[in-house]
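Everything below concerns the one structure shown next.
When a residue number appears, it is its place in the shown sequence, counting from 1. Order of listing sets the numbers, starting from 1, for every ligand and every atom in it.
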Amino acid sequence: MKKQITFIDLFAGIGGFRYSFEKCGCKCVFSSEIDEACKKVYEENYGEYPKGDITKIDASEIPDFDILCAGFPCQPFSICGKKKGFEDTRGTLFFEICRIIKEKNPKVILLENVKHLINHDGKNTFNTIIFTLEKLGYNVSYKVLNSKDFGVAQSRERIIIVGTRKGKFDFEKIKKKKEVYIKDILDSDGNFEYLDENEYTLIDKKYIKRQPSGLIFVGYRNKGMWKKGVRPNTEHLSRVHRQPNRIYSVEGIHPTIPSQETSGRFWIYLNNERAVRKLTINECYKLMGFPKEFKKDSNLSNAYKQIGNSVVIPMIEEVARQIIKQIFEEEQDG
Ligand SMILES: C[S@@+](CC[C@H](N)C(=O)[O-])C[C@H]1O[C@@H](n2cnc3c(N)ncnc32)[C@H](O)[C@@H]1O
């Protein structure tokens, strides 16, 4: 019988990694999260109340495991270019990850972060991370992946870093899925919040085009335009309008769902109904690939914040599947 692959869920949030890895048959043996509201949601869904602040947890308290998963908060490293490895990262949450790696020696490390991590602090942060993992004995691969390539109607770019003790993870083997659009995931009924016609402006059809990202900007709420530096005749460009006021067509893809937007001001234009409404909280969770049975925080602003902080399930699921295939199954074959 094959041994079940185990993992730990650090900076667990509402368990996006856990959901994805469990779906692939792996077993979670430890989780840590500092935020009480997240911990409650996590317990409701997975039946386990995560341990708290990772800085207070001794690595010896963590059972042995195969894969370390962490979507950690990004912080600059104060010591620049000393090239000592993990000592250079002291005082940051990445240091906590390294401390656990050093003691537990997992076969695989899977880290996730915003795309901006690559250029953060003049590339110092990213270079230090890669260098440190290599010094800890890992072969490191990384790539920016976009959730829209995994059958989810959201453009969300994230850097995925995979470290392996044996072999090297190959991102080229990741399988992409057919594009889907916002219209494919909409709820058929619910308490929808529509805008009155006088509350928004649709832009002239001649300016409407699908952006390379798949987004189709069609209009804006009648407030909150950037005034400074806006050239005349550029009012039809989405970037002129503040993000919470932009309206996107359901025929396209949704922009990244951020964690800072706690009142859920995501506006969509329903081409068939010729109407504008707010995306529902359910639809936000679907745009992150969460199943409808997932139990959300009953406090709406918490629920918006938590989903904006999470990972996209089908994207992480495909990474998990490839890790299992490339690192664990090939190891058994070979
Ligand atoms: C970007 S979110 C990760 C979300 C997660 N990947 C998910 O799928 O929901 C980072 C998380 O780290 C948590 N966090 C920050 N500092 C922490 C600490 N010292 N110990 C444990 N968790 C911490 C935050 O509360 C937040 O939920």
Give every donor-acceptor pair under 3.5 Å between a side-chain atom in residues 308-319 and any protein atom, sequence neighbours left out.
unit_1: E317; atom_1: OE1; unit_2: K23; atom_2: NZ; d: 3.2
unit_1: E317; atom_1: OE2; unit_2: R321; atom_2: NH2; d: 2.7
unit_1: E318; atom_1: OE1; unit_2: R321; atom_2: NH1; d: 2.9
unit_1: E318; atom_1: OE2; unit_2: K175; atom_2: N; d: 2.8
unit_1: E318; atom_1: OE2; unit_2: Q322; atom_2: NE2; d: 3.2

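- Residue pairs meeting the ring-ring contact (aromatic ring centres under 6.0 Å, His included) criterion with at least one partner in residues 8-37, sequence neighbours excluded, are F7-F21.
- Taking the six-membered ring where the residue is Trp, the centroids of H236 and F217 are separated by 6.0 Å or more.
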Contact table, ligand 1 N/O with protein N/O, distance under 3.5 Å:
unit_1: ligand 1; atom_1: 8 (O); unit_2: G16; atom_2: N; d: 3.0
unit_1: ligand 1; atom_1: 8 (O); unit_2: S310; atom_2: OG; d: 3.0
unit_1: ligand 1; atom_1: 9 (O); unit_2: I14; atom_2: N; d: 3.0
unit_1: ligand 1; atom_1: 9 (O); unit_2: S310; atom_2: OG; d: 3.4
unit_1: ligand 1; atom_1: 19 (N); unit_2: D53; atom_2: OD1; d: 2.8
unit_1: ligand 1; atom_1: 20 (N); unit_2: I54; atom_2: N; d: 3.0
unit_1: ligand 1; atom_1: 22 (N); unit_2: I34; atom_2: N; d: 3.2
unit_1: ligand 1; atom_1: 25 (O); unit_2: E33; atom_2: OE2; d: 2.5
unit_1: ligand 1; atom_1: 27 (O); unit_2: E33; atom_2: OE1; d: 2.8
unit_1: ligand 1; atom_1: 27 (O); unit_2: E33; atom_2: OE2; d: 3.1

Residues E283, K286; criterion salt bridge (charged side-chain N to carboxylate O under 4.0 Å, His left out); working and verdict: CA-CA 5 Å; E283 290 164 344; K286 281 198 229 171; 5.8 Å; no
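- Note: Y142 and F126 meet the aromatic proximity criterion, with ring centroids under 6.0 Å apart.
- Residues meeting the side-chain contact (heavy atoms from CB on, under 4.5 Å) test with D53, sequence neighbours left out: I34, T55, K56.
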